[in-house]
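Data block below; observations after.
Residue numbers begin at 1 in each chain, while the letters A, B, ... track the order of the sequences. Predicted model, so just to flag it, every value in this text is computed and none were measured.
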2 protein chains.
Amino acid sequence: MSREGGESGPRPGRIGIGLELDAVHFKILDVLRENGRISVAALAERVGISRANAYTRFEALRADGTIKRFTAEIDHVRAGLGITALIFVTVRQQMWRQFRAELARMPEVEYCAITTGQHDAMIQIRVSDVAEVHAMVTERLAGIPAVKATETVFILDEVLKRPYVLPSDHPRQQRRPAPDPSPADVPLGKMRFVGAAEGRAALRKE
Amino acid sequence: MSREGGESGPRPGRIGIGLELDAVHFKILDVLRENGRISVAALAERVGISRANAYTRFEALRADGTIKRFTAEIDHVRAGLGITALIFVTVRQQMWRQFRAELARMPEVEYCAITTGQHDAMIQIRVSDVAEVHAMVTERLAGIPAVKATETVFILDEVLKRPYVLPSDHPRQQRRPAPDPSPADVPLGKMRFVGAAEGRAALRKE
DNA sequence: GTTGAAATTAGTACGAA
DNA sequence: TTCGTACTAATTTCAAC
């Protein structure tokens with residue numbers, strides 16, 4: 001399976017290599033993200049395909065890596081980690097490897113992403129009290145040579161957390177390549193982009 | 001919210017109301033977050049308890065809300081949503097209700113958190129191309145009266161994403177309430193906290 | 001809280017459309 | 001490919017300890 005030539009229709013989940021996802025695949029993913037423990041038999045019924053087909057597609061999605069894993073969503077507050085904070089980190093260039101290595105040693109880090117903009121990375125941590133945030137930043141992060149500066153904000157409330165967004169959720173799946181650039185009704189002054197130019201070289205992941 | 005008075009022992013996951021989590025509960029959560037589809041029988045074996053016990057605790061964790069749900073982690077790139085961006089939003093005071101309502105109508109938003117600091121909220125979106133980010137910010141977000149300003153950064157790479165952090169991951173679970181404030185060896189100049197005070201001031205600049 | 005049964009359900013393999 | 005069925009293996013439930 002390789003490059004397809006002149007196709008006309010909107011091809012949902014085609015990313016060069018891997019499985020070509022159709023509507024049924026997305027339906028499966030949709031069911032699975034809201035109920036990761038559903039049996040394949042029940043899944044087949046909800047999607048409207050045979051059990052054998054469901055097993056085939058389920059396995060294909062798993063083998064392909066489209067489904068990375070199944071996990072339990074845990075209530076952090078009940079689990080004892082009621083404090084969530086974001087730490088924006090400026091990383092010294094060419095020390096990304098060290099930064100990443102140190103991150104792996106910090107269990108309180110739930111998420112880390114490399115970003116454009118003013119900072120180079122954003123990490124999200126879960127701890128049990130605010131003092132730990134301080135300890136985390138000063139004792140651990142600031143001690144890493146790769147870390148040039150940090151900026152910390154607290155998360156006061158998590159308004160929404162969707163179990164992974166799918167293209168099938170989006171209203172208009174087929175988009176025009178470059179829409180009419182005349183947003184006369186939009187107050188552009190409200191908006192500000194912080195692009196790669198301003199937040200330069202996070203790209204160089206070493 | 002019930003304040004607990006003079007407590008002595010360090011009780012891992014006690015949050016006033018709900019289940020009191022012990023080491024076995026955390027072990028269960030630990031297994032479940034890395035394999036949400038494991039059978040309870042296999043779970044019991046891995047945790048080292050009987051099946052009946054595993055069923056009881058499993059149900060209790062679910063009923064209690066400590067386990068919020070089970071979900072499939074999906075590869076966004078393979079699913080056709082290769083672009084991830086963060087949008088920091090400044091919200092007009094007393095228009096939060098509207099803001100939240102509008103958020104619910106945006107399927108490309110995966111996560112939204114209320115934060116301290118310069119902005120009021122951070123939202124993470126997943127879309128298929130960069131043009132959609134622009135469309136999202138200008139056509140949808142900027143059109144909401146509650147939105148005063150936005151700032152957008154792109155996520156270039158997601159370095160790590162842990163399936164929910166647990167207190168049992170942390171090395172020192174028992175912490176001293178207020179540690180010795182003498183970080184002589186820590187370069188404090190590196191660090192900067194952005195608290196609610198500073199953030200609130202930023203709100204009023206209209 | 002544990003073990004060991006029965007009942008149910010899940011997963012596999014196969015031929016047919 | 002997909003479906004339907006039969007077969008096998010595993011899980012869940014329920015009982016007594």
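Using cut-offs of 30° and 60° on the angle between ring planes, the pair A:Phe88 and B:Phe88 is perpendicular.
Atom CD of A:Glu45 has 12 or fewer heavy atoms from other residues, nucleotides or ligands within 6.0 Å.
Whole-Å rounding puts the A:Arg37 CZ to D:dT11 P distance at 11 Å. For the pair A:Phe58 CZ and C:dT12 C1', the computed distance is 15 Å after rounding to whole Å. D:dT1 atom C1' lies 15 Å from atom CD of A:Glu20, rounded to whole Å.
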* Under 4.0 Å protein heavy-atom contact, by nucleotide of nucleotides 1-10 of chain C - B base, S sugar-phosphate only -> SBBBB----S

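Two end axes, each from the C1' atoms of five base pairs, can be drawn for the helix from C:dG1-D:dC17 to C:dA17-D:dT1; they diverge by 30°, to 10 degrees.
Remark: A:Gln124 pairs with B:Tyr111 by the side chain to side chain donor-acceptor pair (under 3.5 Å) rule, at least two apart or across chains. Applying the side chain to side chain donor-acceptor pair (under 3.5 Å) criterion to A:Thr150, with sequence neighbours excluded, gives no partner residue. Looking at residues two or more places apart in sequence or on another chain, you find a side chain to side chain contact (heavy atoms under 4.5 Å, CB included) between A:Arg33 and A:Asp30, A:Pro163, A:Leu166, A:Asp169, B:Thr71, B:Ile74.
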With a cut-off of 3.5 Å and sequence neighbours excluded, list every side-chain donor-acceptor pair involving residues 46-54 of chain A.
unit_1, atom_1, unit_2, atom_2, d
A:Arg46, NH2, A:Glu34, OE2, 2.9
A:Ser50, OG, A:Asn53, N, 3.2
A:Asn53, OD1, A:Arg57, NE, 3.1

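Atom CG in B:Leu160 sits 9.5 Å away from atom CZ in A:Arg100 (nearest 0.5 Å).
Of all the heavy atoms in B:Arg140 and B:Met106, the pair that sits closest is NH1-CG, 3.7 Å.
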